[in-house]
Amino acid sequence: MNIAALISGGVDSAVAVHRLVEQGHSPHLFYIRIGMDEDEGDCSAEEDIEMCSLIAKRYGLELDVVSLHEEYWENVMEYALRTVRSGLTPNPDIMCNKMIKFGFFEERWGRAFDRTATGHYASITTDAEGYEWLATAVDPVKDQTDFLAQISYSQLSHLMFPLGDIPKARVRELAIEARLPNAYRKDSQGICFLGKINYNDFIRRHLGERPGRIVELETGKVLGSHRGYWFHTIGQRKGLGLSGGPWFVVRKDIAENTIYVSNGYDTDKQYGRTLHLGEMHFITRDPWGVNADGPEGVEITFKNRHMPAFMPGRLRHIGGTPSGEGGEYMIESDERVQGIAPGQFAVVYDRAGRICYGSGVIMQFKDDNE
């Protein structure tokens, strides 16, 4: 099989390459380069490329460094800035996978290969009819299917995930056993390709600052000030600069540039049970059809942020297009959900938390969860 492997310089993608080689493949390695927003060089990228070169040399593989700088900034980061400016919470990683790694890369380079392999913690399963479905990794903490929940079926059917069947601890062990040059390298925590860039610094550079009030929701008391609603998201606890906490962001008034907070870990104001979803996207196909139209909906599990736990609930089609792609849906959770942030994606799974069906954008309704 002729395989393209996306490699980042980190231990995960390196071990993915190692496993492919052990299976008898000779993948062609690709590093996708994205510069900073001012088209400046990124020193961490130079270090990453050097590490990728060592991995390629170690296994005698070809390595190409390809640039998708303009595509990244015109699509992913413009989406992020547009969403933040609207007072919503974006997810650049989801859009990066959909539009860059498995979008532009596939169109220009990946399609020349039988499959594209990545170091994502995810897996693929095939049903009796031959359809492929995105499935979770064995490591629930590292599972990244939520970051893949907007990809298309054509993208999924061209992918492979060599790490889906092993836990992160074993990945690190394999790297040490194989004496890979990045075996002890720390995992990156940045946004997609942005690496070490500080997210708030990025937002400040593009949207500036606009001082506003921080108000306690229950009393209307002004507790402090902030530097712009775009620096804050629903459910946020850290970075508010308030004493006597914990304080949680529970509401934003965009017109007034006011952040509303509520005190205490158990404050009801940071929880809800209803999530309205727009632009529903199914990766393989809609598994329920008209069954989701009834008042009871269908049983699912879901995530409204990147976390190991799956939340049980019911999904119901409530309008828009006919059941399926692009429709409006509502999730009614069996449990209280913390920090329901409009603009984020709610990712939908089967009841067992095994198959990732797709995702929808969380929308805000004034009467939600009140």
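Applying the side chain to side chain donor-acceptor pair (under 3.5 Å) definition to pairs two or more places apart or across chains, those involving residues 236-247 are H232-Q236. Pairs of residues two or more places apart, or lying in two chains, that qualify as side chain to side chain donor-acceptor pair (under 3.5 Å) and include a residue from residues 79-90 are T89-T233.
Remark: E62 pairs with H28 by the side chain to side chain contact (heavy atoms under 4.5 Å, CB included) rule, at least two apart or across chains. Qualifying side-chain hydrogen bond (donor to acceptor under 3.5 Å, both in side chains) partners for D293, counting only residues two or more places apart in sequence or in other chains: H317, S323. By the side-chain hydrogen bond (donor to acceptor under 3.5 Å, both in side chains) test, E177 pairs with R170, sequence neighbours left out. Every residue two or more places apart in sequence or in another chain that forms a side chain to side chain contact (heavy atoms under 4.5 Å, CB included) with E256 is listed here: D253, T258. For R227, there are no side-chain hydrogen bond (donor to acceptor under 3.5 Å, both in side chains) partners at least two apart in sequence or on another chain. Taking the ring pair (Phe, Tyr, Trp, His ring centres under 6.0 Å) definition, one finds that F105 meets it with F30, W109, sequence neighbours left out. Residues satisfying the ring pair (Phe, Tyr, Trp, His ring centres under 6.0 Å) test with Y357, not counting sequence neighbours, are W133, W288. The side-chain hydrogen bond (donor to acceptor under 3.5 Å, both in side chains) test applied to E218 returns S262, not counting sequence neighbours. Looking at residues two or more places apart in sequence or on another chain, you find a side chain to side chain contact (heavy atoms under 4.5 Å, CB included) between E335 and M311, P312, S333. By the salt bridge (Lys or Arg N to Asp or Glu O under 4.0 Å) test, E296 is found to be paired with no residue, residues two or more places apart in sequence or in another chain being considered.
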Next item on the list: Before giving the answer on side-chain contact (heavy atoms from CB on, under 4.5 Å), spell out for V347 and C356 the whole-Å C-alpha distance, their side-chain angles and the decisive distance to 0.1 Å.
Entry: CA-CA 7 Å; V347 183; C356 177; 3.6 Å; yes
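No cation-pi contact links K168 to Y121, judged by a cut-off of 6.0 Å to the six-membered ring centre and 45° from its axis. Within the cation-pi definition used here (under 6.0 Å to the ring centroid, within 45° of the axis), R316 does not qualify as a partner of Y329.
R351 and I300 get closest at one heavy-atom pair: NH1-O, 3.0 Å.
Cluster membership check: F231 shares its hydrophobic cluster with V249, using side-chain heavy-atom separations under 4.5 Å among Ile, Leu, Val, Met, Phe, Trp and Tyr.
For the side-chain hydrogen bond (donor to acceptor under 3.5 Å, both in side chains) with S359, the qualifying choice from Q150, H281, Q344 is Q150, the only one to do so.
H306 and F147 have their aromatic ring centers within a separation under 6.0 angstrom.
Neither side chain, S157 nor Y131, offers a donor N or O lying under 3.5 Å from an acceptor on the other.
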